[in-house]
Amino acid sequence: MSKSLKKVVSVTTSITTILWLSGIAAFAPMAVMAATINEGDTIRVANTFDIYIAKYVGSKMFKRLILNPEVFNSYGHLSWDAVKTVTQAEMDSFTTSELVKALDDTKVYKLTPNGDVGSKEWMNMTAEAFTAGGWDWDSIYVINDADRNNYTAGSDITGGTSASPSTSASTAAGSLSVSLASDTPAAGVAVESAARVPFTKVNFTAGASDVTVTALTVQRTGLAADG
């Protein structure tokens, strides 16, 4: 069995949540304006039910989904009235984190929410394998036991699988895994008419067979997207 992760992770307790379409703790529609999003704020996009909590590590900006109202209420410092409504562009400026560890547990889990339930997979590997696999230590959220225990245990992750968000593409030649690099910029500024401005870093990992990448498409979103 691989050793559990040993690296000390210093992060602010951060969490997020889903509000059900059944109307439990649902919010009335409201006007959306640019919001000031601080460390530990709970945020959602207007007319949606998913609530996230924000976390900053240097220039990195993370958000994590709270699984359900039970999890939200297990954190006594959170208030439904304090949830901020933000624009979709503001929400998209945060990278979604799926990595967590409980305060009293050395194990780091990758969470996969599915509505008001979800599964957790133990990152059963050494710290060296974790780093080599492209996982981001800064993205790990510290959570409470109730939050962790709301997820059903799944299979362990024992290899160096790259961190999410990621997508996979299949071709006749084989398979390709595409993921954001752990050091991709959280935000940046591009001067008008500027060229060769770095804005993201992406990892490409081929499967058992060779894969040929013939094109990349980048979609511009957010403020000034139509400018």
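Taken from CZ in F62 to CD in E39, the straight-line distance is 11.0 Å, to the nearest 0.5 Å. Taken to the nearest 0.5 Å, the CG atom of N68 stands 11.5 Å off from the CD1 atom of I51. Interatomic distance, I43 CD1 to E90 CD, rounded to the nearest 0.5 Å: 8.0 Å. With values rounded to the nearest 0.5 angstrom, T112 atom OG1 is found 11.5 Å from K120 atom NZ. Atom CD of Q88 sits about 11.5 Å away from atom CG of N47, to the nearest 0.5 Å. For the atom pair K101 NZ and T106 OG1, the distance stands at 7.5 Å (nearest 0.5 Å).
The backbone N or O of M123 sits nowhere less than 3.5 Å from a side-chain atom of K110 that would complete a donor-acceptor pair. Using a distance-only test at 3.5 Å, with no hydrogens or angles considered, a donor-acceptor pair links the side chain of S97 to the main chain of S139. Here the side chain of N144 pairs a donor or acceptor atom with the backbone of D147 at under 3.5 angstrom.
Within the 4.5 Å cutoff, the side chain of T42 has no heavy atoms near those of the K84 side chain. A 4.5 Å side-chain heavy-atom check between F130 and I140 finds at least one atom pair inside the cut-off.
Residues D104 and D145 come closest through the heavy atom pair OD1-OD1, 2.9 Å. Across all non-hydrogen atoms, the minimal contact from K55 to D138 is NZ-O, 2.8 Å. Contact detail for N38 and Y56: the closest heavy-atom pair is C-CE1, 3.7 Å. The shortest heavy-atom contact between L99 and V108 is CB-CG1, 4.5 Å.
Residues passing the side-chain contact (heavy atoms from CB on, under 4.5 Å) test with S155: none are found, sequence neighbours excluded. Taking the side-chain contact (heavy atoms from CB on, under 4.5 Å) definition, one finds that T152 meets it with nothing, sequence neighbours left out. Under the side chain to side chain donor-acceptor pair (under 3.5 Å) criterion, D105 pairs with R148, not counting sequence neighbours.
Using cut-offs of 30° and 60° on the angle between ring planes, the pair W80 and F72 is parallel.
A cation-pi contact links K63 to Y52, judged by a cut-off of 6.0 Å to the six-membered ring centre and 45° from its axis.
Centroid-to-centroid, the aromatic rings of Y109 and Y141 stay 6.0 Å apart or farther.
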